[in-house]
Number of protein chains: 2
Amino acid sequence: MNISTASKAAGLPAKTVRYYADIGLVPAPARSESGYRSYDDASVRKLVFVRRAREFGFSISECRELLGLYEDRRRSSADVKRIATARLEEIGKKQRELQSLHDELAHLVDACRGDDRPDCPIIDSLGDPGGGVRKSP
Amino acid sequence: MNISTASKAAGLPAKTVRYYADIGLVPAPARSESGYRSYDDASVRKLVFVRRAREFGFSISECRELLGLYEDRRRSSADVKRIATARLEEIGKKQRELQSLHDELAHLVDACRGDDRPDCPIIDSLGDPGGGVRKSP
DNA sequence: CTTGACCTTCCAGCTGCTGGAAAGACTAGA
DNA sequence: TCTAGTCTTTCCAGCAGCTGGAAGGTCAAG
């Protein structure tokens with residue numbers, strides 16, 4: 001299987017597939033006589049695994065770790081769960097950050113008339129050093 | 001005012017302050033005889049503005065646009081509101097993505113026993129090409 | 001035999017900084 | 001006045017995670 005076939009099967013761009021081998025995330029594939037990369041089904045499965053893990057937001061190094069566990073028949077599910085749980089906590093943290101960002105910005109957008117006059121609470125708030133923070137109410 | 005004083009006043013690392021001038025986001029400051037950058041209060045206010053806008057997640061080019069409006073006395077608040085609203089929509093989109101990611105991963109983490117045996121729904125799901133997608137229920 | 005779709009390598013660039021090296025400028029104290 | 005220490009400067013490199021493009025080799029169809 002040449003790279004474009006394999007990459008389509010894995011749902012990744014060929015460039016990315018090459019890149020993953022370059023950085024050693026997946027093993028370097030065998031080569032044909034003329035130097036073409038040659039993939040088998042097992043390689044494609046690993047690429048799919050990585051794609052899915054990346055879609056979940058796991059970093060490349062987390063993917064490395066997960067792929068190690070994927071290939072290890074003696075792995076403990078606790079190891080996997082630990083990594084996934086850490087990721088889940090990051091997601092939660094990001095969600096909370098986004099929420100407060102959203103609330104503050106929505107508040108400003110709401111307060112802005114959006115007409116052709118220059119007065120604008122959004123601009124005002126951005127220019128304010130500690131903007132958005134209430135001081136001793 | 002030398003760069004460290006200005007950067008502290010703006011709440012940014014000195015490196016970042018230099019960087020913002022390098023890319024032309026803020027105007028290049030005046031220089032002393034010996035070549036030291038020399039900042040005034042107006043520059044610091046612009047740096048604060050940029051810091052706050054970045055904290056809101058506006059990109060550098062959005063910051064450029066917003067800073068242009070900040071300095072433009074004849075701006076219309078509609079222009080500002082348009083940029084902020086677009087950002088708000090991005091935030092909303094990101095929130096929805098994170099939510100579905102969270103739900104799916106939480107479900108998997110929940111289903112994983114986390115013991116010393118190898119069976120693991122998390123790994124199984126990552127290896128599954130269309131994993132997490134229900135086909136015609 | 002030619003065309004066009006593939007494949008290869010390598011280098012550069014994206015975003016938004018951040019770290020570090022080498023060298024000059026300034027200030028306080030002995 | 002010398003010196004130590006803390007500025008400051010420039011420039012180069014690197015983080016993540018790809019992605020685009022150039023220059024060239026390979027292969028199958030017509």
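Every chain is numbered from 1 and lettered A, B, ... according to where its sequence line falls, protein lines coming before strand lines. On a predicted model such as this, the values are computed, not experimentally measured, just so you know.
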> Just by protein heavy atoms under 4.0 Å, how would nucleotides 25-30 of chain D read 5' to 3' in B, S and -?
Replying inline: BBS---
When you compare the side chain of [Y] with that of [X], does any pair of heavy atoms fall below 4.5 Å?
{"X": "B:Arg64", "Y": "B:Leu67", "answer": "no"}
{"X": "A:Phe58", "Y": "A:Ile83", "answer": "yes"}
{"X": "B:Ile122", "Y": "B:His107", "answer": "no"}
{"X": "A:Tyr20", "Y": "A:Leu12", "answer": "yes"}
{"X": "B:Ile3", "Y": "B:Tyr36", "answer": "no"}
{"X": "B:Tyr70", "Y": "B:Val80", "answer": "no"}

> For atom CZ of A:Arg31, is the number of surrounding heavy atoms from other residues, nucleotides or ligands below 6.0 Å larger than 12?
Replying inline: yes
>> With a strict under 4.0 Å distance from non-hydrogen atoms of chain B, what nucleotide opens and what nucleotide closes the contacted stretch of DNA chain C, reading 5' to 3'?
In response: C:dG16 to C:dC26
> In residues 4-22 of chain A, which ones come under 4.0 Å of DNA chain D, going by heavy atoms?
Replying inline: A:Pro13, A:Lys15, A:Thr16, A:Tyr19, A:Tyr20
> A:Ile3 near the nucleic acid: base, sugar-phosphate alone, or nothing, with a heavy-atom cut-off under 4.0 Å?
Replying inline: sugar-phosphate
> Is the distance from OP1 or OP2 of D:dC7 to the nearest side-chain N or O of B:Arg37 less than 4.0 Å?
Replying inline: no
> Between the side chain of A:Asn2 and the main-chain N/O of A:Thr5, is any donor-acceptor distance below 3.5 Å?
Replying inline: no
> Any side-chain donor-acceptor pair under 3.5 Å between B:Ser125 and A:Arg52?
Replying inline: yes
>> Does either side chain, that of A:Asp115 or that of B:Ser77, offer a donor lying less than 3.5 Å from an acceptor on the other one?
In response: yes
